[in-house]
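Quick notes on the structure that follows.
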Amino acid sequence: MTTLIDLPRPLLDVHRSVLGRPWRDRCGEAGPQAAAVTIAQSHGLPEVLARVLAGRGVAPAEVPGFLEPRLRDLMPDPGVLLDMEAAADRLAAAVLKREKVAIFGDYDVDGAASAALLAGTLRDLGVPFRLHIPDRITEGYGPNIEAIRVLAEEGASLLVTVDCGTAGHAPLAEAARLGLDVLVLDHHGAPETLPPARAVVNPNRLDDLSGLGHLCAAGVVFLTLVALKRRLRRDGIDLPDLLGGLDLVALATVADVVPLSGLNRAFVRQGLAVMRGRGRLGLAALLDAAGLAEAPQAWHLGFLVGPRINAGGRIGDSTLGARLLLCEDPIEAAGIAAQLDQLNRERQAIEAAAVAEAEALMALRLERDPDQPVIVAGSPDWHPGVVGLIAARLKERFGRPAFAFALREDGTATGSGRSIIGADLGCAVRRAVESGLAAKGGGHAMAAGVTLAAVDLDRFRDGLIRDLAAAVGDARAAQALLIDGVLSAGGVQPDLVDAVERAGPFGQGAPEPVFALARHRIADARIVGTGHVKAQLRGRDGVTVGAIAFRAAEGPLGQLLLRGIGRDIHAAGTLARDRWRGGDRVQLRLCDAAEAS
């Protein structure tokens with residue numbers, strides 16, 4: 001196994017990389033260094049894996065449980081969530097009486113997975129249900145009065161909102177007026193006053209002390225089904241094995257970018273194992289449509305599966321994702337998967353044009369005022385279904401929270417925002433709603449959505465700046481690139497990747513390990529695909545390793561590679577197996593670089 005090179009801080013003397021960041025050794029302090037040595041020696045692990053674990057705060061005694069997280073060890077009693085017992089009792093009553101249940105979901109991956117998880121269980125129990133996923137453009141996010149009236153007219157007596165509903169006061173009041181009992185299963189930040197409902201199960205309620213605020217909505221639904229299983233057992237009814245639904249929980253957990261720690265980490269590890277069995281026809285068809293020939297990993301859920309499910313809600317039929325996840329016919333599943341794959345291609349084209357416009361606009365504004373802590377952009381030409389993706393690209397490029405708005409002909413602006421670690425966007429949006437700056441909105445720390453009058457866009461931006469300026473300043477000042485180890489091209493081998501992957505899955509709150517190649521020469525660099533830069537980096541021993549910088553051709557990282565052939569650089573990135581055409585190589589996915597003086 002490769003031995004890592006121990007270097008002083010700032011790592012490789014990189015005080016300011018091409019992306020403007022200092023590099024720091026993640027295990028640079030005495031404590032993590034000592035922990036890494038202890039982990040390697042006491043558990044017989046490779047040094048590289050020991051450093052990755054120590055750098056993420058895993059204590060030596062916690063290593064076995066961290067490397068093999070077991071759901072039974074991490075599962076809480078569902079009753080620790082407020083209103084859970086009331087929710088389980090009401091669902092049990094619906095099961096026993098065969099009531100018609102209306103499920104109101106969201107049009108993103110978490111909403112589709114949550115709705116399919118609940119609907120699939122009701123189907124297995126023989127309970128009639130009606131699934132409604134709102135249209136992003138005509139209905140917007142969350143329950144609405146018109147849809148609830150239709151659901152009531154169709155004979156539903158119980159309404160369950162999943163991944164939405166916590167802020168739906170008026171629609172849920174209408175549901176109560178129509179005689180519907182309401183259960184809310186959600187995870188979004190909650191206002192002080194909750195909507196009228198039989199139960200609001202949400203770990204992010206202000207009065208909930210469960211400590212489970214990191215769950216996505218599908219995680220909340222899964223715990224609710226565990227509580228329902230326990231409740232029905234009293235009446236001699238046994239639910240089918242719930243573990244088969246962990247593929248949906250894993251998908252939603254990764255796609256909704258919630259922290260991959262504790263229970264979430266176990267959900268993803270076990271859910272991926274379920275997914276690899278290809279028992280859910282819809283997911284198997286979508287993996288085939290995406291061209292994935294290997295066993296799915298966590299990053300596949302975020303970059304291949306999630307965007308395709310989201311494509312239906314962004315620019316097509318919002319029900320496609322949930323229908324696919326519930327599908328039991330292989331021919332129908334293949335057809336829906338192909339439709340979502342095509343919609344995703346169309347979404348990519350729409351997104352590319354909008355992102356180019358947004359980046360040019362923001363670059364000009366930041367040239368005039370580079371200290372703006374939050375950036376807000378809007379255009380009547382942007383599709384409402386891609387504003388979240390535009391915001392994500394703006395946040396990625398400019399390193400600060402970003403909001404993108406679709407300006408509509410009726411004078412409203414529909415926007416989506418993405419944030420950086422340390423700046424809570426969801427709280428800022430809720431305050432904007434409470435102060436009258438926005439008509440409706442919500443979200444969590446890293447992502448939020450909002451609807452407001454287009455004439456109030458500047459006031460909304462000013463409010464965000466007031467709310468987030470201090471937090472953004474602190475967060476950006478601390479934005480060093482943390483490096484897990486320094487390697488040479490010769491040491492970048494498949495067994496190294498295998499060792500590192502044992503510490504996964506990686507995602508929000510569990511950063512993928514970043515490694516640096518010290519003083520490697522750019523042997524070749526060229527643009528491939530849609531603005532990616534592919535390069536060959538040669539070490540001093542003559543060994544080369546392939547590297548790629550995604551969407552970097554026009555930025556400083558891509559330009560350094562393209563213009564620096566024959567020059568030495570320090571390169572930093574994550575490691576990935578490349579099995580293209582039957583090979584088994586390792587590729588460095590570049591995230592930063594610096595000239596080697």
Side-chain angles (χ1 to χ4, degrees), residues 78 83-105 111-133 143 147-148 150-163 165 175 178-185 197-199 201 217-249 251-252 271 274 277-285 319-333 336:
D83 283 0
M84 179 60 85
E85 295 305 324
D89 286 345
R90 185 62 187 87
L91 277 172
V95 172
L96 293 169
K97 297 175 183 177
R98 295 295 188 268
E99 297 178 59
K100 187 170 184 178
V101 179
I103 303 171
F104 198 109
S114 299
L117 190 61
L118 178 57
T121 300
L122 294 178
R123 180 176 62 191
D124 291 342
L125 289 166
V127 178
F129 66 88
R130 164 76 154 82
L131 179 60
H132 183 81
I133 306 293
I148 285 173
V150 171
L151 294 171
E153 289 171 1
E154 292 178 349
S157 55
L158 174 62
L159 170 66
V160 185
T161 69
V162 293
D163 198 28
L178 294 170
L180 287 168
D181 283 341
V182 178
L183 304 179
V184 175
L185 308 180
R198 179 70 70 93
V201 182
V220 174
V221 171
F222 183 82
L223 290 184
T224 304
L225 295 178
V226 172
L228 175 63
K229 183 181 180 78
R230 184 169 61 187
R231 173 63 182 78
L232 287 174
R233 194 175 291 134
R234 302 178 201 165
D235 298 295
I237 299 174
D238 193 24
L239 277 179
D241 180 20
L242 296 178
L243 296 182
L246 287 177
D247 54 352
L248 297 180
V249 182
L251 171 62
V274 172
R278 295 176 65 88
R280 191 173 301 276
L281 293 179
L283 275 180
T319 67
L320 286 175
R323 283 172 50 202
L324 178 72
L325 298 178
L326 279 168
C327 190
E328 294 184 302
D329 179 89
I331 296 176
E332 182 185 2
I336 296 174

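Both backbone and side-chain heavy atoms feed into the values below; hydrogens, waters and symmetry mates do not.
In this structure, the side chains of V220 and L223 stay at 4.5 Å or more apart for every pair of heavy atoms. At least one side-chain heavy atom of L326 sits less than 4.5 Å from a side-chain heavy atom of R123. The closest side-chain heavy-atom distance from L232 to L125 is below 4.5 Å. Counting heavy atoms from C-beta outward, L320 and I133 have side chains that stay 4.5 Å or more apart.
Considering every non-hydrogen atom in both L228 and A92, the closest pair reads CD1-N, 3.5 Å. Contact detail for A94 and V127: the closest heavy-atom pair is O-CG1, 4.3 Å. Shown here for S114 and A218, the closest heavy-atom pair between the two residues is OG-N, 3.0 Å. Of all the heavy atoms in A112 and A322, the pair that sits closest is CB-N, 3.7 Å.
Checked against salt bridge (Lys or Arg N to Asp or Glu O under 4.0 Å), R323 has the following partners two or more places apart in sequence or in another chain: D317. Looking at residues two or more places apart in sequence or on another chain, you find a side-chain hydrogen bond (donor to acceptor under 3.5 Å, both in side chains) between D181 and R90, R198. Under the rule for a side chain to side chain contact (heavy atoms under 4.5 Å, CB included), the partners of D235 that lie at least two apart in sequence or sit in another chain are L96, R231. Every side chain to side chain contact (heavy atoms under 4.5 Å, CB included) that A284 has, sequence neighbours left out, goes to R278. Applying the salt bridge (Lys or Arg N to Asp or Glu O under 4.0 Å) test to D124 and every residue at least two apart in sequence or in another chain returns nothing. Here A175 pairs with I148, L159, L180, V182 under the side chain to side chain contact (heavy atoms under 4.5 Å, CB included) rule; sequence neighbours left out. For K100, the salt bridge (Lys or Arg N to Asp or Glu O under 4.0 Å) criterion is met by no residue, not counting sequence neighbours. Not counting sequence neighbours, the partners of E85 by the side-chain hydrogen bond (donor to acceptor under 3.5 Å, both in side chains) test are R230. Every side-chain hydrogen bond (donor to acceptor under 3.5 Å, both in side chains) that D238 has, sequence neighbours left out, goes to K229. With sequence neighbours excluded, the residues forming a side chain to side chain contact (heavy atoms under 4.5 Å, CB included) with A333 are L281, A285, L324, C327, listed by chain and number.
Note that the CG atom of L158 and the CG atom of L151 stand 11.5 Å from one another [nearest 0.5 Å]. L248 contributes atom CG, which lies 5.5 Å from atom CG of L117 (distance to the nearest 0.5 angstrom). Taking CG from L183 and CZ from F104, the interatomic distance works out to 15.0 Å, rounded to the nearest 0.5 Å. Distance check: F222 CZ to L243 CG gives 5.5 Å after rounding to the nearest 0.5 Å. In this structure, the separation between CD1 on I103 and CG on L118 is 4.0 Å, given to the nearest 0.5 Å. Rounded to the nearest 0.5 angstrom, L246 CG and L251 CG are separated by 12.0 Å.
Side-chain atoms of R280 never come within 3.5 Å of backbone atoms of E328 as a donor-acceptor pair (strictly under, hydrogens ignored). Looking only at distances, no side-chain donor or acceptor of D83 sits under 3.5 Å from a matching main-chain atom of A86.
Identified under the side-chain hydrogen bond (donor to acceptor under 3.5 Å, both in side chains) test for residues 151-163, with sequence neighbours left out: E99-S157, R130-E154, D163-H187.
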